[in-house]
Participant: 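The structure follows.
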Amino acid sequence: DTLTRFFQGAASAAARVLQPSTWSDSLTALAAAAGRVWSGARYPRVCAMGALALGAGLLLRRRAAARAAQVLGGGEVAELLKAEGVEVVFGIIDGTYYGLYISLRELGIQFISPRHESTAVLMAGAYSRTTGKLGVVLASNGPGFANSLSGVAAVNEEGSRVMLITSHRRVGIAYPDRGGSFQCLDQTRITRSLGSKFSQHVPDVSRLAEITRSVLRAAATPAPGIVHLDVPESVMNSKYTRQGEWFRPPSTYRVLHPLA
């Protein structure tokens, strides 16, 4: 009788935990189920505590699964870089792409921070030329981006394979520019004017993976040079439900070895 009550109570608690959609509703259902087991069992304390423990375990498991299904916009970019074999990123830490920075650390990608954005671009260029790998550099919107431009011009003329990732003002402020926005300028137009191979702004998260892959594909095609990915800070630092189509191996969208 005790075992029967225990398993009935555990099943009841588990079923009620899995039904509600919010944390508070789940706890309420769990407590109610345990209370009913407590009042109706021959050995109420054993049965109720067992049901409570099992239900709580299932509840925590559901919460962990929900967290795993969430990804930062910056985390999405970081995972695509990781799939490309990127091991080192250069740049100045800034809150506008903090979601990317912390994701790099979680994926084991080293972040090297010099004293100036232009130096970071030159370091990425030197890294690419000495290792044969893609050099990646981060620069924040506005002044950070402007600081990087002398390095961008030099590295592009040298023909180094470098990917510049910049943050931008949140969605709705730029592209088109509303006028008078703080630290806001047409960054993709400027890098195109310097002769970059490819420069594209991300309008929203639904196109983040697609455009990132396009930039990475351009970086692998001849001849070497600067490619530019421009991402709004609101996209970079917000969490989204993970979509399977966002993450594809490089072999599905580009040649696996640079052509030049």
Participant: Before you tell me yes or no, could you show the steps for Ile190 and Phe145 under side-chain contact (heavy atoms from CB on, under 4.5 Å), namely the whole-Å CA-CA distance, both residues' side-chain angles and the distance that decides it to 0.1 Å?
Facilitator: CA-CA 10 Å; Ile190 294 172; Phe145 168 75; 3.9 Å; yes
Participant: I'd like to know if the side chain of Ser196 and the backbone of Val227 have a donor-acceptor N/O pair within less than 3.5 Å.
Facilitator: no
Participant: Say whether, by atom type as modelled, one donor and one acceptor occur between the side chain of Gln243 and the main chain of Thr241 under 3.5 angstrom.
Facilitator: yes
Participant: Under 3.5 Å, which donor-acceptor pairs link side chains of residues 82-90 to any protein atom two or more places apart or in another chain?
Facilitator:
unit_1: Lys82; atom_1: NZ; unit_2: Leu107; atom_2: O; d: 3.0
unit_1: Glu84; atom_1: OE1; unit_2: Arg254; atom_2: NE; d: 3.0
unit_1: Glu84; atom_1: OE1; unit_2: Arg254; atom_2: NH2; d: 2.7
unit_1: Glu84; atom_1: OE2; unit_2: Tyr253; atom_2: OH; d: 2.5
unit_1: Glu84; atom_1: OE2; unit_2: Arg254; atom_2: NE; d: 3.0
unit_1: Glu87; atom_1: OE1; unit_2: Lys133; atom_2: NZ; d: 3.0

Participant: Look up atom CG in Leu138 and atom CG in Leu164, then write down how far apart they are to the nearest 0.5 Å.
Facilitator: 8.5 Å
Participant: When you measure from the side chain of Glu79 to the backbone N and O of Phe247, does any donor-acceptor pair fall under 3.5 Å?
Facilitator: no
Participant: Start with the C-alpha distance between Asn156 and Leu194, add both sets of side-chain angles, then the distance that settles side-chain contact (heavy atoms from CB on, under 4.5 Å), and finish with yes or no.
Facilitator: CA-CA 8 Å; Asn156 195 60; Leu194 292 175; 5.8 Å; no
Participant: Specify whether Tyr240 and Trp246 have parallel, tilted or perpendicular ring planes, treating 30° as the upper limit for parallel and 60° as the lower limit for perpendicular.
Facilitator: perpendicular
Participant: Once you round to the nearest 0.5 Å, how far does OH of Tyr101 lie from CD1 of Ile93?
Facilitator: 3.5 Å
Participant: At what distance, to the nearest 0.5 angstrom, does NE2 of His116 lie from CE of Met123?
Facilitator: 13.5 Å
Participant: In Å, rounded to the nearest 0.5 Å, how long is the span from NE2 of His168 to CE of Met236?
Facilitator: 12.0 Å
Participant: So, for Leu122 and Ala154, which heavy atoms are closest and what is the spacing to 0.1 Å?
Facilitator: CD2-CB, 4.2 Å
Participant: Passes side-chain contact (heavy atoms from CB on, under 4.5 Å), Tyr97 versus Glu233? Steps please.
Facilitator: CA-CA 6 Å; Tyr97 48 68; Glu233 59 182 319; over 6 Å; no
Participant: Near Arg248 CZ, under 6.0 Å, is it more than 12 heavy atoms from other residues, nucleotides or ligands?
Facilitator: yes
Participant: Would you compute the distance between atom CZ of Phe111 and atom CD1 of Ile102 and round it to the nearest 0.5 angstrom?
Facilitator: 13.0 Å
Participant: I'd like to know if Lys239 pairs up with Glu76 as an ion pair, taking the criterion as any Lys NZ or Arg NE/NH1/NH2 lying under 4.0 Å from an Asp or Glu carboxylate oxygen.
Facilitator: no
Participant: For a quick test of reading the model, state the closest non-hydrogen atom pair linking Ser160 to Gly125 and the distance between them.
Facilitator: OG-O, 3.7 Å
Participant: Find out whether Gln200 and Val202 are in side-chain contact, i.e. whether some heavy atom of one side chain is under 4.5 Å from a heavy atom of the other.
Facilitator: no
Participant: Within the distance-only criterion (no hydrogens, no angle test), does the side chain of Arg129 pair as donor or acceptor with the backbone N or O of Glu158 below 3.5 angstrom?
Facilitator: yes
Participant: Any side-chain donor paired with an acceptor under 3.5 Å for Asn147 and Ser118?
Facilitator: no
Participant: Please report the C-alpha distance between His201 and Leu229 in whole Å, then the side-chain angles of each, then the deciding distance to 0.1 Å, and finally whether the side-chain contact (heavy atoms from CB on, under 4.5 Å) criterion is met.
Facilitator: CA-CA 6 Å; His201 174 74; Leu229 177 68; over 6 Å; no
Participant: Which pair of non-hydrogen atoms, one from Ile92 and one from Ser113, has the smallest distance, and what is that distance?
Facilitator: CA-OG, 3.8 Å
Participant: With no hydrogens and no angle check, just 3.5 Å: does a side-chain donor-acceptor pair link His228 and Thr166?
Facilitator: yes
Participant: Measure across Ala219 and Lys197 and return the closest heavy-atom pair with its distance rounded to 0.1 Å.
Facilitator: O-NZ, 3.9 Å
Participant: Is a side-chain donor or acceptor of Asn141 paired with a backbone partner of Thr96 at a separation under 3.5 angstrom?
Facilitator: no
Participant: Do Thr188 and Ser199 have side-chain atoms, one donor and one acceptor, less than 3.5 Å apart?
Facilitator: no
Participant: Scan for salt bridge (charged side-chain N to carboxylate O under 4.0 Å, His left out) pairs involving residues 203-212, sequence neighbours excluded, and state none if there are none.
Facilitator: Arg207-Glu210
Participant: If you take all heavy atoms of Arg169 and Pro232, which pair is closest and at what distance?
Facilitator: O-CB, 3.5 Å
Participant: Closer than 3.5 angstrom, by distance alone: can the side chain of Ser238 be matched with the main-chain N or O of Val235 as a donor-acceptor pair?
Facilitator: no
Participant: Do you know which two heavy atoms are closest between Ser103 and Leu72, and how far apart they sit?
Facilitator: OG-CD1, 4.2 Å
Participant: Atom CZ in Arg217, atom CD1 in Ile211: separation rounded to 0.5 Å?
Facilitator: 11.5 Å
